[in-house]
Amino acid sequence: MLDALAWGPPIGLVPAPGTAARTAVDALVDARLLLRTDARHVTLPRDVGLALRGGRTHRAPELAPPRPDGRAIPQAVADAEAASAALELVRRVDLLVAAWDDTAPAVLRSGGLGVRDLRRTSQALGADEADTAFVVEVAAAAGVVADDGEAPPSYRPTTVADRWEVMDDAERWALLAAAWAGSRRTPWLVGSRDEKGNLRAPLSPDLHRGWVPRLRRQVLQVLAAQPGTALDVDAVMSVLRWHAPRTVPPEQAVAGLLTEAALLGATGAGALSGPGAAVLALLSDAEPPGANHAPATSRGLEEALRAALPPEVDEVLLQGDLTGIVPGRPSQALAVLLERSADVESRGAATTVRFSPASVTRALDHGTTADELLDALASRSRVPVPQPLEYLVRDTARRHESLRVGSAGSYVRAADPTVLAGLAADPRLAHLGLVRLAPTVLAAAVPAAELHDALRARGLLSAVEGPDGRVLSARLRRPPRPDRTPRDPRRGPAAEPEATSDEARRHLVARLRAADAGTDTAVDRLSGAHRAAPVSGRDGTPEPARTPDRRRAPEPGDALATLHDALRDGRVVWIEMVGASGTLERRALKPLRLDGGRLRALDPAREAELTVAVHRIAGVEPVDG
């Protein structure tokens, strides 16, 4: 019994009465070698246990960290796998920017990306939802995509995406890797439920954990301790458990970080790669970088990836079945050319592309002509352009140019083509943007009134015609002045302007001059004089004087201060905000939360919540004010 309790656990269950085991337990208790804790349990004292173990605390102490067995991976293989994963991540971020640039997904009220938008993005990226969540998170951490802060808010590419387009693959990956190194996000929790049963979404605030950079560094250090060895989750957990037996990290987090490292290219085939070692060196600094990393750090990551990337190739092997093979990693110029003119069928050590009418149309839509596209392909092919591909390009270009769509502000036509001869090439009329559509028709980029005046100034007599071909009068051809407010014809004739007496006008001028001088006494005196002066109406009878409004214009800081006071006191305030049509709306709202440039408020009258962007709020006033 003592040997069974010596190495723990030191708590034993008391046997049934009347048995030999119970007699032995009672004898050990009487000898004070066991202590009775309750009627059913006994405990081995600490000093007795130390005496039985010979003063040792562990049966087999592990004084050195464990070195678990793993698969041997050559460093060249690990770097090659890591380079392939890095290029795939860069390609997926490219697709993400293009997809969200076309259709921006909405931001959930609780923050994050919705389930439908995540599935739609997964289809655009050609990846599962777990990998898509990681791509979205790392792109947001790098600042490539972000919440636009509008009302309603949505996720869109940022100005960083503009610089992204001119970067090469190494620079793009360095931007993503540096953002991942300092990220405190947990994308592996996407799809799970929180304590309240709500589904966790990508980019939601619930995915923030402060311990993620420290655990990421520990996981990569375990892999760096055994270079050239692929370790699974259990092997990494055994090492982390030895280092911190009282604070063992969750296995789900370790598995998620290993998956992220593989998707990023920090590991290849399960072993730490050369780019991964550069990321580990970045994590070992005193201050782990965030999305805004230093240029020196970015340069080190770029060099690490370039050392692992295969050399670029600038040629494509064109074949007669409308396909092409790129024997290696395409250069940036070749990648752009094939992205616009062909569709990728397979990727790997060699990339296979296929030309189709849709892909050639895509190249023509970018402004490339048929001859330019064929010349670009011929310059990058060791063999002449196959005849089927040349027929495809020229036939698609002929159908692409048969029907054209453009915009014009006005036109000029004449019965005699000689009247319009030389107008399009006249340098004095270059500002009109004249384009010859037919021998008797010219299109212009300016309104019809401006075109008419320019032709009259050149000595040509022209008339303005309507859509039906009838000549319009000179009064109707003029566009309305922008400073004149259109009148609703249903309101009848416009009202006559109200007359003001000379005495009232003199007092008003004196008041304005005194206000410019900044003398409050003069303002008060002139204001009183103005109140005493009668103002005549349309019928000549005096109208009651109006007391001038002495309130100053509200400042933006006053509105925010009033909002903060209402949030603190839980009061309802009047809020003037710019609606979707550009008009001001005044509503009584109870502010609930002010964060991230958006105000979440409750409308008591409608019993509904709404979110308003702060920059759309024109004024805030207390209800009792």
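Atoms considered below: every heavy atom in the structure, side chains included; atoms not considered: hydrogens, waters and symmetry mates.
- Looking at Ser273, its side chain does come within 3.5 Å of a backbone N or O of Ala266 through a donor-acceptor pair.
- The structure places CG of Leu5 at 11.5 Å from CG of Leu33, a figure rounded to the nearest 0.5 Å.
- Between Pro45 and Leu34, the shortest heavy-atom contact is CD-CA, 4.1 Å.
- Once rounded to the nearest 0.5 Å, the distance linking CG of Leu334 with CD of Glu315 reads 9.0 Å.
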Check your understanding: What do the steps show when you test Arg56 against Trp7 for side-chain contact (heavy atoms from CB on, under 4.5 Å), and what is the final call?
Key -> CA-CA 10 Å; Arg56 294 179 296 168; Trp7 294 103; 3.6 Å; yes

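- Listed for the Arg185 side chain is a donor-acceptor partner under 3.5 Å among the backbone atoms of Ser204.
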Practice item. Carefully, step by step, assess Glu150 and Arg156 under the rule salt bridge (Lys or Arg N to Asp or Glu O under 4.0 Å). Key: CA-CA 11 Å; Glu150 296 292 335; Arg156 295 182 181 275; over 6 Å; no

Review point. So Arg193 and Asp206, salt bridge (Lys or Arg N to Asp or Glu O under 4.0 Å) or not? Walk me through it.
Key: CA-CA 10 Å; Arg193 297 190 178 274; Asp206 298 339; over 6 Å; no

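- Of the inter-residue distances, the one linking Trp188 atom CH2 with Leu258 atom CG reads 10.0 Å to the nearest 0.5 angstrom.
- In this structure, the side chains of Gln221 and Leu280 come closer than 4.5 Å at one or more pairs of heavy atoms.
- With hydrogens and angles ignored, the 3.5 Å screen pairs no side-chain donor or acceptor of Ser84 with any backbone N or O of Glu81.
- By the 4.5 Å heavy-atom criterion applied to side chains, Lys590 and Glu609 are not counted as neighbours.
- Judged purely by atom type and a 3.5 angstrom limit, Arg362 uses its side chain to pair as donor or acceptor with the backbone of Ala342.
- Within the 4.5 Å cutoff, the side chain of Tyr155 has no heavy atoms near those of the Leu96 side chain.
- Taking CG of Leu207 as the reference point, atom OG of Ser192 lies at 7.5 Å (rounded to 0.5 Å).
- With contacts defined as side-chain heavy-atom distances shorter than 4.5 Å, the pair Asp148/Pro153 qualifies.
- Classification of Asp26 and Arg36 as a salt-bridged pair holds, one side-chain N sitting under 4.0 Å from a carboxylate O.
- Here CZ of Arg184 is found 6.0 Å from NE2 of His208. Values are rounded to the nearest 0.5 Å.
- Within a 6.0 Å sphere centred on CZ of Arg53, heavy atoms belonging to other residues, nucleotides or ligands number more than 12.
- Not one N or O on the side chain of Thr351 forms a donor-acceptor pair closer than 3.5 Å with the backbone of Arg347.
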Exercise for review: Under the side-chain contact (heavy atoms from CB on, under 4.5 Å) rule, what do Arg209 and Leu189 come out as? Steps first, then yes or no, please.
Suggested key: CA-CA 11 Å; Arg209 302 292 187 275; Leu189 295 180; 3.7 Å; yes

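- Residues Met237 and Val248 meet the side-chain proximity criterion, which asks for heavy atoms closer than 4.5 Å.
- Within a 6.0 Å sphere centred on CG of Asp69, heavy atoms belonging to other residues, nucleotides or ligands number 12 at most.
- Contact check on Arg91 versus Glu88 returns a salt bridge, with a Lys/Arg side-chain nitrogen under 4.0 Å from an Asp/Glu carboxylate oxygen.
- How far CZ of Arg600 is from CG of Leu594: 11.5 Å, rounded to the nearest 0.5 Å.
- No side-chain donor-acceptor contact under 3.5 Å links Arg616 to the backbone of Met577.
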Exercise for review: Run the numbers on Ser346 and Thr352 for side chain to side chain donor-acceptor pair (under 3.5 Å), then give the verdict.
Suggested key: CA-CA 5 Å; Ser346 64; Thr352 303; 3.3 Å; yes

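- Between Ala271 and Gly228, the shortest heavy-atom contact is CB-C, 4.5 Å.
- When atom types are taken as modelled, the side chain of Thr229 and the backbone of Arg71 share no donor-acceptor pair closer than 3.5 angstrom.
- Shown here for Leu301 and Ala278, the closest heavy-atom pair between the two residues is CD2-CB, 3.8 Å.
- When every heavy atom of Ser331 is checked against every heavy atom of Asp314, the shortest pair comes out as OG-OD1, 2.9 Å.
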Review point. side-chain contact (heavy atoms from CB on, under 4.5 Å) between Leu199 and Val115: does it pass, once the steps are laid out?
Key: CA-CA 9 Å; Leu199 200 66; Val115 176; 4.0 Å; yes

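- Considering only heavy atoms from C-beta on, Leu203 comes within 4.5 Å of Glu137 through its side chain.
- Contact detail for Val279 and Trp180: the closest heavy-atom pair is CG1-CZ3, 3.8 Å.
- Taking 4.5 Å as the limit, every side-chain heavy atom of Leu263 sits out of range of all side-chain heavy atoms of Val138.
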**Study point:** Verdict with reasoning, Asp131 to Arg92, per side-chain contact (heavy atoms from CB on, under 4.5 Å)
**Key:** CA-CA 10 Å; Asp131 293 351; Arg92 288 178 175 176; 3.7 Å; yes

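- Between His243 and Val222, the closest side-chain pair of non-hydrogen atoms is not below 4.5 Å.
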**Study point:** Verdict with reasoning, Ser359 to Asp343, per side chain to side chain donor-acceptor pair (under 3.5 Å)
**Key:** CA-CA 7 Å; Ser359 65; Asp343 299 321; 4.6 Å; no

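- In plain terms, the two heavy atoms of Ser122 and Thr132 that are nearest each other are OG-OG1, 3.1 Å.
- A donor-acceptor distance shorter than 3.5 angstrom exists from the side chain of Trp173 to the backbone of Leu264, with no hydrogens or angles considered.
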